[in-house]
Structure formats: structure tokens, C-alpha cells
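Here is the structure we will look at.
The structure displayed is predicted, hence computed values, not measured ones. Every chain is numbered from 1, with letters handed out A, B, ... down the list of sequences.
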There are 2 protein chains.
Amino acid sequence: MSDLEGISPLTLNRLSVYLRCLRHLQVAGVRRVSSQALAERYLLSAHQIRKDLAQFGEFGIRGVGYDVDDLAQHLTTLLGLDRLYRLLIVGMGNLGNALAHYLGFNQGAFRVVAAVDRDPERVGRDMGTFRVYHVDELAAVVRRSGAEIGVLAVPAEAAQENYDALVAAGIRAVLNFAPARVKRTAEVPLKNVDLRINLEEVAFVLRQGELRGEAGGEGEGEG
Amino acid sequence: MSDLEGISPLTLNRLSVYLRCLRHLQVAGVRRVSSQALAERYLLSAHQIRKDLAQFGEFGIRGVGYDVDDLAQHLTTLLGLDRLYRLLIVGMGNLGNALAHYLGFNQGAFRVVAAVDRDPERVGRDMGTFRVYHVDELAAVVRRSGAEIGVLAVPAEAAQENYDALVAAGIRAVLNFAPARVKRTAEVPLKNVDLRINLEEVAFVLRQGELRGEAGGEGEGEG
DNA sequence: AGATGTGAATGAGTTCACAGCT
DNA sequence: AGCTGTGAACTCATTCACATCT
């Protein structure tokens, strides 16, 4: 069991998906589920679910299946979602706003504690659960707010400098949404998320379908 | 060469990245680049760049490297980015707005031609290059605008029904940003992009760092 | 019986080493 | 000499078959 060090990013992402599905089942009042039922309901692979889970212990009951609450709890601790992560959004334009308000960036294990921007128009704004500060105050904001994860939602040109500033300010990890390949330092983990790449992927399979006289693509992926 | 059918999504995404890097070099006035130079500049693998490119022909010059313009052109056609794709945004909340205005969803090969929403507040709004219609008019909007790719930026609960509506309306491909596992029909390719999963991944590596006494994570990924 | 957990088999993807051009 | 293109080695990931447990 365990081997918590060497989980592959692919497995890790699937575990997140499983947890999302289990939460969904919890809300629906389902208490037990088999790998097969889970797979069918959410378009996954039963084999893979079992393989992925087995890597970390025996969470199921043979002949029966998995206890939904129990498994959800296990995955939550495994993924490290049993505590709070404080987020700082860098760049409160359209994207920063969307991330802050939408899609669970302010739910469960994650809380947006502050934002910074360089536009005086936006600085000082009260966003309800957090406020917008000037980017020059970054270090102080990180310290006072206790922010651990920085979310870059700035234009491509500004991405690297803001990553560097976040590192200097003592942030612990960074998620970059700017369409730029930011270079990380040894100490502060970074994940580049390029939204446009997904669009290009979809466009490609669409085009493939066209070229071979409309039969529909194959892919159904992840983000 | 070619084998354009069986490109793996991973390769495909890397090709998009290469193209992005080449465009960057073009702007900087660089005319020739070796796989190694490209790899060093953008934190890639020279071996992999060559392998990926070689799959489709001989784009380089041995002993010299690649012609930047030339390779960019090749990749553009290869990825199918040599024509225009018309986008329709479903859901003009924070996220829909952000996608429409930011990050290249309205640049190059992609153009947002229309949006739909069910909130009367938003319906009728003129977004400059496109307008917001009521979701009930979806079929007519798709037909008139010639939209091919639908971008779902609605709450999780509404994702599946809106995908189905898009399919019924004759859309050709869908990109889903709602945190829900939408099921695709055979004909209309779908890509689910879950923004939160990236956050969970970063949180995980951050926590790993903590648990083994701060050494910084390893991962440096993709979206 | 029925579903999990696991080792073995298959397949995909990446890295390497070097042959082949320029 | 230098850098690409490629077949072979290797590593990683997924799928399968079945032993194991309730």
C-alpha cells in the first residue's frame, strides 16, 4: 500500500475524478457502489478504478463493493483535501474573476483569501469573501493572508515575472493559467494550464471527422 | 509520414505547445532553431520534439535545425489551424465572459460568433464582436451563426442538458468547462476540462512537499 | 455467487544511441 | 562537425485473467 510518493499525475487526476463522482453519489443518497456500477454511471473503467484504489490499501469489501462515505473519506485524506488551502489570485480581470467565483475555487478544501492586480480601478475592491490589493503589496498580502497557492490569471507577458514575485513573496505552489510556459524554481511547484490547448485539441478531432467524411472523433478526455 | 489519424492526444497537445513556442520565436525575429535550443528555451525535451515532428515528415535540415516560419506553417496545417473555427459560448457568467475575452478564444483560428444564456439580464447584450441570445433560440443561433464548436460554461447541473441541446442544434464539437462528467453521443466529440482538478493536483504536490519536510515537488505539467 | 485485489500480459509512450544528411 | 530522423531499449500505463475473500 501507500507509495504515496510515487503516484503518477494520471492516477492522481483519476482519483480526483473518483472523489467527485462519490460526492455526487453521496448527495443522491447512495451508500454502496461497485467498481462496475461506478464505471458505468460515470463513463470510467472498472478495471482501472480497482487498480488505482488497490494501490493504497483495501478500501472495498469483496463480493460487495465499496462503501461510498468510507471511500470518499479515504480519497479525501489521500489527496490531501482534508485541510484548507488558501488561494491568492493574481490578476483580477475576466479570468481571475471567473476562477474566484466559479468552479469550486472557493469551495471545500480551497478558499480564496486575497487577490492582487495592478490596475488602480480594481485595487481596493471588496469581492465579498476577499479583497483586491495592489500587486506591489504582494509580499505583505501573502504574509498577512497566509496564502499558500498562487493562481496566475494575468496576460502571457506578465506570467513569468509574477511567478517570480510569488516565489519571492513566499508562496508555496503556483497554478498558471496564462498561455505562457513559465519556468519554475526548484522549491515552488508549478502547474501550467493552457486553456487554449483544449480548444485546439477539439478543433483537431472535429477536422479529422470532416476529412474522413463525418464519422465523429474518438477522444473523450481530461483537463 | 502522415498517420494523421492515430496521433495520440499527448502528442497532439505537445504539437500545440511547439507551435506556441515557434510563434513566440517568430515575434522575437528568430529564423532558425534546433530541437535542443527550443527545448532549453521552453523547458521541453529535444528528443521528444524530434520524435514528435518526425512522425509527420522531414521538416528539419540535418546539421542545421528547423526553419521557424516553415515549421510553424507545417504545424498550423497539421493541427488544422489553417482555417477558421466558429465558437458558440453557452453560459455568459463569469467563466463564459472570461473565455470569450481572454486566452485566445477569440484569436487566430478561433472566433466567438455568438453566446447564449438563460438569464434575461444577459440576453440581448452586445459583446462587441458577438451578441448574447436566449438559450431557447439555440438551434436558430447555431444555424445562423454557423457555429461549429460549443463551449460549455454553465453550472455542473446544466452541463449534460446543454450538451444534448447543442447536439440537437447541429453543433460539431463541444468543449465542456463545467465540473461534470458529460456523456457524449457517438457523433459529436466532447472534451471535458475540469479546472478544479488542476488545483487539486497542485495542492497534492504542495502537501507532499510538506510531509517530507519541504523539498519542493517535481511535477511541471500540462493542461 | 459476486465483487475485490493482484500478478502477468499487453500496449503506449519516452528515452537512448547512432546512422544519415548537410 | 553538427543536428536531424529512426529503430531499438526501456519505462510507464492499461487491460486482462484469476485467485481471494465475503
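- Here Ser35(B) reaches the OP1 or OP2 of dT4(D): one of its side-chain N or O atoms lies under 4.0 Å away.
- If you measure from atom CZ of Phe56(A) to atom P of dG5(C), you get 13 Å, rounded to the nearest angstrom.
- Remark: C1' of dT4(D) and CG of Leu71(B) are 12 Å apart, rounded to the nearest angstrom.
- For the residue pair Ser45(A) / Arg14(A), no side-chain donor-acceptor distance below 3.5 Å is found, with atom types taken as modelled.
- In this structure a side-chain-to-backbone donor-acceptor pair under 3.5 Å is missing from Tyr163(B) to Gly150(B).
- Under 4.0 angstrom from either OP1 or OP2 of dT15(C) there lies no side-chain N or O belonging to Arg50(B).
- Each end of the helix from dA1(C)-dT22(D) to dT22(C)-dA1(D) gets its own rotation axis from five pairs of C1' atoms, and the angle between them is 0° to the nearest 10 degrees.
- Counting atom types as modelled, Arg62(B) pairs no side-chain N or O with a base atom of dG5(D) as donor and acceptor under 3.5 Å.
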Please test Phe130(B) against Leu87(B) for side-chain contact (heavy atoms from CB on, under 4.5 Å), starting from the C-alpha separation and ending with a verdict.
-> CA-CA 10 Å; Phe130(B) 63 96; Leu87(B) 308 186; over 6 Å; no

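- Remark: P of dT4(D) and CD of Gln48(B) are 15 Å apart, rounded to the nearest angstrom.
- More than 12 heavy atoms of other shown residues, nucleotides or ligands fall within 6.0 angstrom of atom CD in Gln160(B).
- Rounded to whole Å, the distance from NE2 on His47(B) to P on dT11(D) is 15 Å.
- Straight-line distance from the CD1 atom of Ile7(B) to the C1' atom of dG13(C): 15 Å, rounded to whole Å.
- Thr11(B) comes within contact range of no nucleotide atom at all, as no heavy-atom separation falls under 4.0 Å.
- In summary, the side chains of Tyr18(B) and Asp52(B) do present a donor paired with an acceptor at a separation below 3.5 Å, with no hydrogens or angles considered.
- The side chain of Tyr66(A) places an N or O atom within less than 4.0 Å of a non-bridging phosphate oxygen (OP1 or OP2) of dG5(C).
- We find that CG of Leu38(A) is positioned 14 Å from P of dA3(C), with the value rounded to whole Å.
- In this structure, Ile49(A) places its CD1 atom 17 Å from C1' of dT6(C), rounding to the nearest Å.
- Considering only side-chain atoms of Lys51(B), the nucleotide from dG5(D), dT6(C), dT15(C) that sits closest is dT15(C).
- Exactly one residue among Asn192(A), Val188(A), Val182(A) makes a side chain to side chain contact (heavy atoms under 4.5 Å, CB included) with Val174(A). That residue is Val188(A).
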side-chain contact (heavy atoms from CB on, under 4.5 Å) between Leu12(A) and Ile197(B), worked out | CA-CA 9 Å; Leu12(A) 190 61; Ile197(B) 232 169; over 6 Å; no

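- Remark: C1' of dG7(D) and CD of Gln55(B) are 14 Å apart, rounded to the nearest angstrom.
- Nearest-nucleotide positions on DNA chain D place Ile61(B) closer to the 5' end than the other of Ile61(B) and Ser8(A).
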